[in-house]
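Worksheet: the structure to be examined is printed underneath.
Nothing fancy with the numbering, it's 1 onward along the sequence. Both backbone and side-chain heavy atoms feed into the values below; hydrogens, waters and symmetry mates do not.
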Amino acid sequence: MNSVLINTDIQRKWIQKFQSIEETFKKRAAENDKQSRFPFENIEWLVQEGYSILTLPVEYGGEGATIEDMVVLQTYLGAIDGATALSIGWHLSVIGQIYEQSMWNQDMLDRFAKEIKNGALVNRAVSEADTGSPTRGGRPATHAVKQDDGYLLNGVKTFTSMSKALTHYIVAAYVDDLQEVGFFLVPRATDGLEIADNWNMVGMRATESHDLVLNDVWVPNDFFVESKRKPQPNGWILHIPSTYLGIAQAARDYAINFATTYGPNSIEGTISHLPTVQQNIGKMESLLLSARHFLWSTAKGYNHPENQPKLWNETSASKVLVMNQGLEVVDLAMRIVGAKSLEMERPLQRYYRDMRAGLHNPPMEDAAYTNIAKSVCNLF
């Protein structure tokens, strides 16, 4: 990673911490992937060290990291273990957006900040089998029915990343009496809440993104935390391309190490001297440089509030560009390593599978391109 782009004390502090546990996390990654097991130990370490309060504002007792800080650190963590980075990234993103945009009333913001400082982990539960990605606007089948002193929730949410480690879920449901979509904060210990234990995917296996089942889950009125609001640019969602940029970086690092140490007896020296390998290395490095600078410059733009309303296109394009170029980086890395890249004992096959999973994280490529086109053609 380019150290020139690391420019704050928060970034330097956490990168130093990551370096201290890098080898431990990497050793766990292969076995967790094989077993489709959540990296509980990694997340516990991150919480204990204070990473879970990274994006909580200072005035609430957090570290007050910027979007740029988060992007840099998530890229670094993604290069160590993609599943760990994506999992904790959802929590960081949710916290960053809620508090930056004051999405809840002040009492709930104060109350939940105390929970976060005590180790709470949260993610949104919004996807459903019948609606697809929530970014496409489908109405959730999960319903919230008004009771005298609260709401009764019933439904099934899919792709609940970090499901078994979460202490709280922000559940999207159709509120019958209001005839609109609302969001409810549901603590893990609530009666009627179950985890289906059905995550069995090729990529990002260790995120354990099981279905979340709600059977007559009751929540009090004040846990109805959000109504549907006018959308605005959300730079915190850049945690997604950050993680996948890190995975592409890890594939690049592995390929470079292989190329500079592997020398079959059919040639003199290592394969790094072969023109075709050098061409692939050059392409790989150029793609990474391009993706990194585009993503990090977009994140930097969020440091200036006056720029934020203008960053719709950059935010969407960041994810699309990083994913497509990151996939090409992994492909080039596997071409450099050759057939050995398919060996299950090597991490490249895991990087390939995990990168493919990123195509299905929001925003979806077609939606991103359509919205960018409408923007530049003034069709909104």
Side-chain angles (χ1 to χ4, degrees), residues 1 10-11 13-55 63 65 69-96 116 119-124 159-167 195 199 201-210 236-251 253-254 322-323 326 330 347-358 360-361:
M1 185 181 295
I10 287 177
Q11 294 169 24
K13 180 189 82 171
W14 279 104
I15 287 175
Q16 187 174 25
K17 284 177 176 287
F18 291 160
Q19 288 171 341
S20 72
I21 49 80
E22 183 169 347
E23 292 307 314
T24 300
F25 277 24
K26 284 182 176 179
K27 287 178 182 176
R28 292 173 180 159
E31 189 61 26
N32 286 336
D33 174 76
K34 183 178 178 181
Q35 301 296 331
S36 194
R37 177 186 180 274
F38 187 77
F40 291 102
E41 299 85 357
N42 298 357
I43 299 299
E44 182 181 7
W45 183 89
L46 290 168
V47 171
Q48 288 178 347
E49 292 295 318
Y51 194 64
S52 57
I53 64 169
L54 180 76
T55 57
E63 194 155 7
D69 290 328
M70 179 196 68
V71 163
V72 171
L73 295 175
Q74 283 296 110
T75 301
Y76 198 98
L77 186 58
I80 297 173
D81 182 357
T84 294
L86 187 64
S87 295
I88 196 66
W90 286 114
H91 166 85
L92 297 178
S93 174
V94 169
I95 296 303
I116 299 165
L121 292 170
V122 65
N123 193 7
R124 293 187 181 275
F159 297 103
T160 313
S161 294
M162 203 164 47
S163 57
K164 290 186 177 179
L166 294 173
T167 61
I195 296 171
W199 182 248
M201 295 288 190
V202 169
M204 283 294 174
R205 291 172 55 77
T207 61
E208 288 214 51
S209 304
H210 304 291
W236 300 102
I237 204 68
L238 293 175
H239 84 92
I240 296 172
S242 303
T243 292
Y244 291 103
L245 179 62
I247 295 171
Q249 178 73 40
D253 293 345
Y254 189 89
V322 167
M323 282 310 311
V330 176
L348 276 178
Q349 49 78 28
R350 183 174 77 252
Y351 300 153
Y352 175 81
R353 290 184 286 107
D354 284 351
M355 281 296 296
R356 299 296 303 181
H360 311 291
N361 288 139

**Q.** Test side-chain hydrogen bond (donor to acceptor under 3.5 Å, both in side chains) applied to W14 and E63, E49, Q19, the passing residue
**A.** E63
**Q.** side chain to side chain contact (heavy atoms under 4.5 Å, CB included) between K26 and I80, intermediate numbers included
**A.** CA-CA 6 Å; K26 284 182 176 179; I80 297 173; 4.1 Å; yes
Q.
I'd like to check the ring pair (Phe, Tyr, Trp, His ring centres under 6.0 Å) partners of W90; sequence neighbours left out, ordered by chain and number.
A.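 Ring pair (Phe, Tyr, Trp, His ring centres under 6.0 Å) check on W90 returns H239.
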What is the distance from atom [atom1] of [X] to atom [atom2] of [Y], rounded to the nearest 0.5 Å?
| X | Y | atom1 | atom2 | value |
| --- | --- | --- | --- | --- |
| S36 | M201 | OG | CE | 10.0 Å |
| Q74 | T84 | CD | OG1 | 10.0 Å |
| I95 | L54 | CD1 | CG | 11.0 Å |
| R353 | D33 | CZ | CG | 4.0 Å |
| R28 | R37 | CZ | CZ | 8.5 Å |
| T75 | M70 | OG1 | CE | 9.0 Å |

Over all atoms of both residues, closest heavy-atom pair of [X] and [Y]:
| X | Y | answer |
| --- | --- | --- |
| L86 | N361 | CD2-OD1, 4.2 Å |
| A206 | P39 | O-CD, 3.2 Å |
| A79 | A250 | O-CB, 3.4 Å |
| M355 | V330 | CG-CG2, 3.6 Å |
| S93 | I237 | OG-N, 3.8 Å |
| A248 | G326 | CB-CA, 3.9 Å |

(Q) Is the shortest side-chain heavy-atom distance between I10 and L73 below 4.5 Å? (A)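 Of all side-chain heavy-atom pairs linking L73 with I10, at least one is under 4.5 Å.
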Q) Considering only heavy atoms from C-beta outward, does the side chain of I88 approach that of L121 to under 4.5 Å? A) yes
Q.
When you measure from the side chain of N123 to the backbone of S161, do you find a donor-acceptor pair of N or O atoms at a distance under 3.5 Å?
A. yes
Looking at [X], I'd like to know if its [atom1] atom is crowded, meaning that more than 12 non-hydrogen atoms belonging to other residues, nucleotides or ligands lie closer than 6.0 Å.
| X | atom1 | value |
| --- | --- | --- |
| F159 | CZ | no |
| Y352 | OH | no |
| K34 | NZ | no |

Q: Run through V322, L245, T243, V71 and flag the one making a side-chain contact (heavy atoms from CB on, under 4.5 Å) with L238.
A: V71
Q: Check F18, Y76, W45 against Y51 for a ring pair (Phe, Tyr, Trp, His ring centres under 6.0 Å) and give me the one that passes.
A: F18
Q | Contacts of R124 that satisfy salt bridge (charged side-chain N to carboxylate O under 4.0 Å, His left out) - sequence neighbours left out | A |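 Per chain and number, R124 pairs via salt bridge (charged side-chain N to carboxylate O under 4.0 Å, His left out) with E226.
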Q | Partners meeting salt bridge (charged side-chain N to carboxylate O under 4.0 Å, His left out) with K27 (sequence neighbours left out) | A |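 For K27, no residue satisfies salt bridge (charged side-chain N to carboxylate O under 4.0 Å, His left out) once neighbours in sequence are set aside.
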Q: Dump the intermediate steps for side chain to side chain contact (heavy atoms under 4.5 Å, CB included) on R205 and Q35, then the final yes or no.
A: CA-CA 8 Å; R205 291 172 55 77; Q35 301 296 331; over 6 Å; no
